[in-house]
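Index from 1, following the sequence. Given the structure is predicted, the values throughout are model-derived calculations rather than measurements.
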Amino acid sequence: MRKRFLLLLAALIVLAGCGKRTEDKTAGEAPAVLSMETLNSALTPVAPEDKFRTTYEVFVYSFADSDGDGIGDLAGLRSKLDYINSGDLADRTSLGCTSLWLMPVFPSPTYHKYDVTDYRAIDPQYGTMEEFRALLEDCHARGMTLILDLAVNHTSVEHPWFAAVSEYLRNHHPQAGEDSLSLWTEEDLEECPYLDYYNFRTEAGNGYAQLPGTEYFYECRFWEGMPDLNLDCGAVREEIRDIARFWLEMGVDGFRLDAVTSYYTESGEDSIRFLTWFNEAVKSIKPDAYLVGEAWENQQVYARYYASGIDSLFDFGFAGQDGIIAGTVKGSRGADSFAAALEDEEALYASAAPDGCTAVNAPFYTNHDMARSAGYYAYDDGSKTKLAEGLNLLMTGNAFLYYGEELGMKGSGRDENKRAPMYWTADPESPDAEYLCAGPPEMEEVKMKFPALDEQAGDELSVWNYCRNAVRIRNSFPSVARGRTEVIESLTDKNVCVFTRDSVLIAVNTREEPAAVSLDADPAAEGYRSLAAMLTTGEEPVELSGAELTLPGYGIAVITKSE
């Protein structure tokens with residue numbers, strides 16, 4: 001009935017010659033009904049100058065291939081940079097993300113490149129240092145920052161440090177002491193200083209592998225191809241400091257830090273102390289550098305890592321198919337619970353950060369280690385996928401978007417499937433087909449649920465256009481990323497949540513059925529009477545008439561105070 005009413009209302013408006021914007025109507029006329037695209041196109045997005053950004057995560061291997069070898073590269077990424085940010089945040093052909101995170105680009109024997117052999121070079125599969133510098137310059141020219149993925153918990157077994165240790169131990173067979181603290185003699189360390197770079201023992205144990213041809217076992221908590229570094233070694237710390245300096249002085253804006261909870265096995269306090277040291281080391285080189293850490297734990301655990309002074313930690317509590325976002329969209333968690341979780345975590349992170357430091361939350365919905373979100377919802381026509389992306393992109397902090405999520409790409413099971421090629425086109429005759437990648441070795445066939453970018457770009461109701469609008473809203477209202485969430489409990493229930501965030505009021509309908517909210521019902525909503533932006537999953541728009549707000553199924557409204 002409601003849809004029929006809206007269609008009739010629209011027809012009457014057209015017949016009466018009143019198809020103008022609400023602000024142009026004469027007294028007594030029914031308000032014009034604006035679509036998501038029409039309303040949001042009037043926004044004025046502004047490039048941020050702080051760390052509260054929208055960051056696009058790219059796996060270079062699978063993003064864009066420039067030379068036809070099937071492997072993505074820096075030149076291909078640079079050719080597609082306008083897709084991420086064209087330099088004009090009002091550009092409707094660009095996502096408008098304001099930061100770029102590159103998964104590891106250093107030389108490595110594996111496709112994923114988390115086992116590094118040289119921290120001061122670019123993997124030849126991806127290109128040259130000159131091409132990296134050109135990409136960095138292009139990002140900065142667009143007002144974007146660029147951060148690199150840095151794994152200092154471990155190296156590759158093929159790293160020159162470990163190779164030197166392996167050769168020494170196979171050829172010299174030093175006598176191991178009973179105490180691991182005196183495993184090497186001073187003479188051993190003089191002949192091979194890298195002995196102290198890794199953690200060795202003379203007995204087998206969980207998380208250790210035997211070095212072939214020797215009596216020694218080295219720590220390798222992830223797999224035997226990635227030996228763990230001894231982060232208590234002063235020389236190792238100086239190496240890490242110099243690596244950070246190399247990239248920061250080149251102009252890189254910061255680092256994504258891999259596996260910060262694994263710096264010390266079963267010792268969170270030691271890991272926090274090392275992270276404190278690294279944060280101070282980096283900020284002494286570049287005070288405004290941005291650091292975000294991967295602490296794949298529950299929220300209470302990773303919140304503790306803010307004590308290090310680090311800028312951000314990934315918000316795992318909200319992410320993945322079992323996280324707060326997916327639970328809210330599936331209906332296993334109410335809208336009221338979602339809003340309360342926002343409010344609670346902001347207070348938690350603020351209290352965990354040391355004096356003088358600001359905790360910049362790093363919300364994300366999926367990443368390269370998680371099944372892609374389009375597979376979370378059975379029989380979804382795209383509405384649930386869209387809503388979930390909207391919930392993520394309207395969280396506070398520096399929001400992260402994994403490449404292809406804005407298209408609703410699929411991929412689950414083995415890690416290679418989660419890192420499938422960017423879905424530029426399904427048409428082999430399209431100009432974009434030349435950028436398609438082959439995908440990681442051993443990747444299984446991944447059948448996509450939603451169309452490729454070239455088809456979605458022209459559809460106002462596509463997942464792509466929804467995500468682009470969400471980023472536009474984020475760029476247009478600074479308080480969305482920087483404000484403090486305050487839930488209006490009297491207007492919030494299991495289906496709808498309403499909260500303010502400094503200068504805006506946000507209302508979210510997490511269910512398929514439309515919902516009505518009277519903003520007059522609570523003084524906290526007083527004055528919020530101007531519909532400034534909306535996110536809708538279908539053709540039915542958000543409507544605001546006076547204090548009466550109508551949200552379509554899965555609809556989101558951003559409301560400001562009337563002047």
Side-chain angles (χ1 to χ4, degrees), residues 39-40 42-55 89 96-99 290 303 306 311-312 315 318 324-325 335-336 338-353 355-364 390-400 469-492 496-510 517 519-535 542 544 547 549 551 555-563:
L39 180 64
N40 296 345
L43 298 175
T44 304
V46 178
E49 296 181 355
D50 56 14
K51 298 175 181 179
F52 293 82
R53 294 176 174 262
T54 309
T55 302
L89 294 183
C97 292
T98 50
S99 184
Y290 175 70
Y306 276 112
D311 300 294
S312 297
D315 203 357
F318 280 74
I324 292 173
I325 291 175
D336 49 359
F338 173 79
L342 292 178
E343 201 173 48
D344 291 346
E345 73 165 2
E346 290 169 17
L348 174 64
Y349 301 154
S351 66
D355 292 342
C357 296
T358 299
V360 181
N361 187 26
F364 72 105
L391 295 180
N392 174 54
L393 290 168
L394 295 186
M395 289 178 66
T396 58
N398 178 13
F400 284 75
N469 272 276
V471 175
R472 187 183 181 100
I473 291 172
R474 188 175 183 83
N475 287 332
S476 301
F477 298 95
S479 59
V480 168
R482 297 160 187 79
R484 186 72 175 266
T485 300
E486 295 185 21
V487 179
I488 304 179
E489 294 185 1
S490 68
L491 303 183
T492 296
V496 174
C497 60
V498 181
F499 52 88
T500 58
R501 198 171 284 157
D502 292 357
S503 61
V504 299
L505 179 147
I506 299 174
V508 183
N509 181 6
T510 64
V517 178
L519 299 180
D520 275 340
D522 196 296
E526 183 178 354
Y528 289 98
R529 299 294 183 269
S530 179
L531 181 61
M534 72 172 86
L535 291 173
V542 173
L544 179 60
L549 174 66
L551 296 166
I556 299 177
V558 178
I559 300 170
T560 56
K561 288 189 175 182
S562 299
E563 296 181 358

Enquirer: For R472 and G96, indicate whether the former's side chain and the latter's backbone hold a donor-acceptor pair under 3.5 Å.
Expert: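 It does not hold such a pair.
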Enquirer: Say whether, by atom type as modelled, one donor and one acceptor occur between the side chain of R482 and the main chain of P478 under 3.5 angstrom.
Expert: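 Indeed, once roles are kept as given, a pair shorter than 3.5 Å links the two residues.
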Enquirer: Provide the closest heavy-atom pair for A341 versus I324 in the form atom of the first, atom of the second, distance.
Expert: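 Smallest heavy-atom distance, with atoms named: CB-CD1, 3.9 Å.
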Enquirer: Looking at every non-hydrogen atom in both residues, tell me the closest pair between I559 and L531 and how far apart they are.
Expert: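 Smallest interatomic distance, heavy atoms only, reads CG1-CD1, 4.2 Å.
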Enquirer: How far does CG of L535 sit from CG of L551, to the nearest 0.5 angstrom?
Expert: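 So the gap between those two atoms works out to 11.5 Å.
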Enquirer: R484 side chain to D502 main-chain N or O, any donor-acceptor pair under 3.5 Å?
Expert: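 No, because the side chain of R484 does not come within donor-acceptor range (under 3.5 Å) of the backbone of D502.
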Enquirer: Indicate yes or no for a side-chain donor-acceptor contact from E486 to the backbone of F499 under 3.5 Å, with no hydrogens or angles considered.
Expert: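 Absent.
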Enquirer: Look only at the side chain of N392 and the backbone of I325, and say whether a donor-acceptor pair between them is shorter than 3.5 Å.
Expert: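 Judged by distance alone, no pair lies under 3.5 Å.
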Enquirer: Nearest 0.5 angstrom please: S530 OG to L544 CG, how far?
Expert: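 It is 8.0 Å, given to the nearest 0.5 Å.
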Enquirer: Just verifying a value: how many Å separate D344 CG and Y349 OH, rounded to the nearest 0.5 Å?
Expert: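 Interatomic distance, D344 CG to Y349 OH, rounded to 0.5 Å: 10.5 Å.
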Enquirer: Can you tell me how far the CG atom of L549 sits from the CG atom of L519, to the nearest 0.5 Å?
Expert: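 Rounded to the nearest 0.5 Å, the CG-CG separation comes to 5.5 Å.
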Enquirer: Check step by step if side-chain contact (heavy atoms from CB on, under 4.5 Å) holds for V46 and N475.
Expert: CA-CA 6 Å; V46 178; N475 287 332; over 6 Å; no
Enquirer: So, applying side chain to side chain donor-acceptor pair (under 3.5 Å) with N398, which one of D311, T55, T98, D50 is it?
Expert: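 Only one option passes, and that is T55.
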Enquirer: Report yes if the side chains of V508 and V496 come closer than 4.5 Å at any heavy-atom pair, otherwise no.
Expert: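 No - every pair of side-chain heavy atoms lies 4.5 Å or more apart.
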Enquirer: Side-chain donor-acceptor pair under 3.5 Å between E345 and N361, yes or no?
Expert: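 Short answer, yes.
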Enquirer: A side-chain contact here means heavy atoms from C-beta on lying under 4.5 Å apart; do T358 and F52 qualify?
Expert: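 Answer yes - side chains close enough.
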Enquirer: Ignoring hydrogens, what is the shortest heavy-atom contact between A521 and L491? Give both atom names and the distance.
Expert: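 In this case the closest contact between A521 and L491 is CB-CD2, 3.7 Å.
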Enquirer: Could you tell me whether the side chain of V487 reaches within less than 4.5 Å of the side chain of D336, counting heavy atoms only?
Expert: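 D336 does not reach V487 side chain to side chain.
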Enquirer: Closest approach of R474 and A481, non-hydrogen atoms and distance?
Expert: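 So the two residues come closest at NH2-CB, 3.7 Å.
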Enquirer: Nearest 0.5 Å, please: how far is CG in N469 from CG in L393?
Expert: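 It comes to 11.0 Å.
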Enquirer: Find out whether L505 and I488 are in side-chain contact, i.e. whether some heavy atom of one side chain is under 4.5 Å from a heavy atom of the other.
Expert: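 Side chain of L505 against side chain of I488, heavy atoms only: contact under 4.5 Å found.
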Enquirer: Tell me, please, which residues at least two apart from S312 pass side-chain contact (heavy atoms from CB on, under 4.5 Å).
Expert: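 Expected list: Y290, V292, V360, A362.
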Enquirer: Quick check: does any side chain N or O of T492 sit under 3.5 Å from a backbone N or O of V498, one acting as donor and the other as acceptor?
Expert: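 Yes.
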Enquirer: Verify side-chain contact (heavy atoms from CB on, under 4.5 Å) between F318 and F338, making sure each step is shown before the conclusion.
Expert: CA-CA 9 Å; F318 280 74; F338 173 79; 3.8 Å; yes
Enquirer: Output the distance between atom CG (L342) and atom CG (D315), rounded to the nearest 0.5 Å.
Expert: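 Interatomic distance, L342 CG to D315 CG, rounded to 0.5 Å: 9.0 Å.
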Enquirer: Can you see whether S479 engages R501 through a side-chain donor-acceptor pair at a distance of less than 3.5 angstrom?
Expert: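 Distance-only check fails for S479 and R501.
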Enquirer: Would you name the heavy atoms of V471 and C97 that are closest together and state the gap between them?
Expert: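 Looking at all heavy atoms of both residues, the shortest contact is CG1-N, 4.1 Å.
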Enquirer: Locate the shortest heavy-atom distance separating A533 from L43; write the atom from each residue and the value.
Expert: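 That closest heavy-atom pairing would be CB-CD1, 4.0 Å.
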Enquirer: Can any side-chain N or O of R53 pair as donor or acceptor with the backbone N or O of G397 at less than 3.5 Å?
Expert: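 No, R53 side chain to G397 backbone: no donor-acceptor pair under 3.5 Å.
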Enquirer: Within a radius of less than 6.0 Å around CD of E526, do more than 12 heavy atoms belonging to other residues, nucleotides or ligands occur?
Expert: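 No - once you tally the heavy atoms of other residues, nucleotides and ligands closer than 6.0 Å, there are 12 at most.
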